[in-house]
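Okay, here's the structure, questions in a sec.
In the text below, chain A, chain B and the rest are named by the order of the sequence lines, each starting its count at 1. Values reported hereafter were calculated over all heavy atoms of this structure, with side chains retained and with hydrogens, waters and symmetry mates removed. Just so we're clear, the structure is a prediction, and the values are computed from it rather than from any experiment.
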Amino acid sequence: MMTPNTDYEQADETDLVRRAREDGEAFGELYRRYVKKIYNYIYYRSNNHQDAEDLTARVFYRALAHIDSYTERGVPFSAWLYRIAHNLVANWHRDRGRRQILPLEDYVTDGLAGEAPEHHVESQEERDSLLAAVQNLPEDRQQLLLLKYIDHLSNAEIGAIMNRTEGAIKSLYHRTLLALRDELSRSRSRLPAEAPPDDLDPAD
Amino acid sequence: MASLSPSPSHHDQQIASVLTGYVDGVAPLEDLLLRYQVARHEVEDLIELSDDLRAILIDVLPSPAFVAQLYDALVGQSSAMTMWNRVQAMPPRMKLAAGIGGITITAGVAGVLLITARTLRNRFDILNRAETPGKAIA
């Protein structure tokens, strides 16, 4: 990897964007600051590393190609990047004509190693169920959850990306949780009831 | 259970504030409940759901090789674009001069390469004939 220009590491973002129109290393610093967040966001919208890498690259190539036309006007550079990412992912989904459910082998698990196997399976199923419910949400609600939980953005920052007010995002977040809760209740009610274990001893 | 009225009531907004404050780590849940006058049972299931979301929506890092390769490609492309932009921004006379200069240099380099290649080929032919008895040397 080319050695990043350390002069840019502490640079103000507005100054970096201005320099990036003339200096590739300034754009490189912008890339370095946002590549993981953008990748994270795209990964959960695409569900596999290959497509996430491809789409992430396209986001930054597009940003580079249009850096001259970017003007802040109340929309931070990061918000502009996320908008590019959102549009590319939306087009990608439309072109593919379907939403992918995360394959189990790609599922990232964490903190389950110490649990008993039956509890692990139950947790895994619940997690799969919740992830599927998230991925079945309308795009704007998915985007909100990913920006909130993956990229840890505030309502104000999310509002700048989604072109809504901070209050609107707060309200949308509330409604999204309610919708998720209801969807999970519906999916659980569709599951067959569990039979009692055969070895249960009434004397115990 | 919170209502889903089109215009959220004041209490719905208070609940939304608790939920946002909780996920953003603004304050402990108890403090938020007190601040916004919301009963625990009104948000308990949504708080649990928020915790579940936090457990499954975790960071997925890109491979370091991908990050490095894309960096090199972007910075390299950016430098090339900057050079192109600079040429495009030149006044016409300078652009013409730059173009003529470029052609001249290219022709000169090509000429040197051709002469060198011919010289090397001639020497190779001489050596080749010297190793093969009976062949006349030109």
Could you tell me the separation between the NE2 atom of His174(A) and the CG atom of Asp12(B), rounded to the nearest 0.5 Å?
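Reported to 0.5 Å precision, the distance equals 5.5 Å.
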Measuring only between side-chain heavy atoms, which start at C-beta, is Ile58(B) closer than 4.5 Å to Ile150(A)?
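With C-beta onward as the side chain, the pair stays apart.
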Closest non-hydrogen atom pair, Leu61(B) against Lys36(A)
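Looks like CD2-CD, 4.3 Å.
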Check whether any side-chain heavy atom of Gln13(B) lies under 4.5 Å from a side-chain heavy atom of Ser171(A), and answer yes or no.
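Result no, sub-4.5 Å side-chain heavy-atom pair not found.
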Which distance, rounded to the nearest 0.5 Å, do you find between the CD of Gln69(B) and the CD of Glu53(A)?
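CD of Glu53(A) is found 8.5 Å from CD of Gln69(B).
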Residue Tyr173(A) versus chain B: region with a heavy atom under 4.5 Å
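Just the side chain, heavy atoms under 4.5 Å.
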Taking C-beta and beyond as the side chain, do Leu49(B) and Leu130(A) meet within less than 4.5 Å on heavy atoms?
yes
Check Tyr44(A) against Ile56(B) and note the closest heavy-atom contact, atom names and distance.
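Between these two residues, the closest heavy atoms are OH-O, 3.4 Å.
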Tell me if a side-chain donor or acceptor on Asn40(A) pairs with a main-chain N or O of Asp59(B) at a distance below 3.5 Å.
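No, Asn40(A) side chain to Asp59(B) backbone: no donor-acceptor pair under 3.5 Å.
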Which of the residues Lys148(A), Lys37(A), His152(A) is involved in the greatest number of heavy-atom pairs with chain B at under 4.5 angstrom?
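Winner by heavy-atom pair count: Lys148(A).
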Phe66(B) side chain near Thr56(A) side chain, heavy-atom distance below 4.5 Å
yes
Test item: Tyr149(A) and Val23(B) side chains (from C-beta on) under 4.5 Å apart, heavy atoms:
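In contact.
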Using side-chain contact (heavy atoms from CB on, under 4.5 Å), reason through Tyr39(A) and Val67(B) one step at a time and then give a plain yes or no.
CA-CA 10 Å; Tyr39(A) 179 89; Val67(B) 172; over 6 Å; no
Side chain, backbone, both or neither: which part of Leu153(A) has a non-hydrogen atom closer than 4.5 Å to chain B?
backbone
side-chain contact (heavy atoms from CB on, under 4.5 Å) between Leu57(B) and Leu131(A), worked out:
CA-CA 8 Å; Leu57(B) 296 177; Leu131(A) 193 57; 4.1 Å; yes
Euclidean distance, His49(A) NE2 relative to Ser63(B) OG, rounded to 0.5 Å:
9.0 Å
With heavy-atom distances below 4.5 Å as the criterion, would you say the side chains of Leu177(A) and Leu53(B) are in contact?
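Yes; the side chains approach each other to less than 4.5 Å.
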Whether over 12 other heavy atoms sit under 6.0 Å from Arg62(A) CZ
no
Chain B contact via Leu184(A) - which portion, at a heavy-atom distance below 4.5 Å
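For Leu184(A), side-chain heavy atoms alone lie under 4.5 Å from chain B.
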To the closest 0.5 Å, what do you measure between OG1 (Thr20(B)) and CD (Glu166(A))?
9.0 Å
So how far is it from Leu70(B) CG to Arg32(A) CZ, rounded to the nearest 0.5 Å?
14.0 Å
Could you check Val75(B) against Phe27(A) for side-chain contact (heavy atoms from CB on, under 4.5 Å), going step by step and ending with a plain yes or no?
CA-CA 7 Å; Val75(B) 173; Phe27(A) 186 85; over 6 Å; no
Among Pro62(B), Ala16(B), Ser50(B), single out the residue with the greatest number of heavy-atom pairs under 4.5 Å to chain A.
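If we count pairs closer than 4.5 Å to chain A, Pro62(B) comes out on top.
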Which answer fits Asp52(B), side chain, backbone, both or neither, if we ask what part of it has an atom under 4.5 Å from a heavy atom of chain A?
both
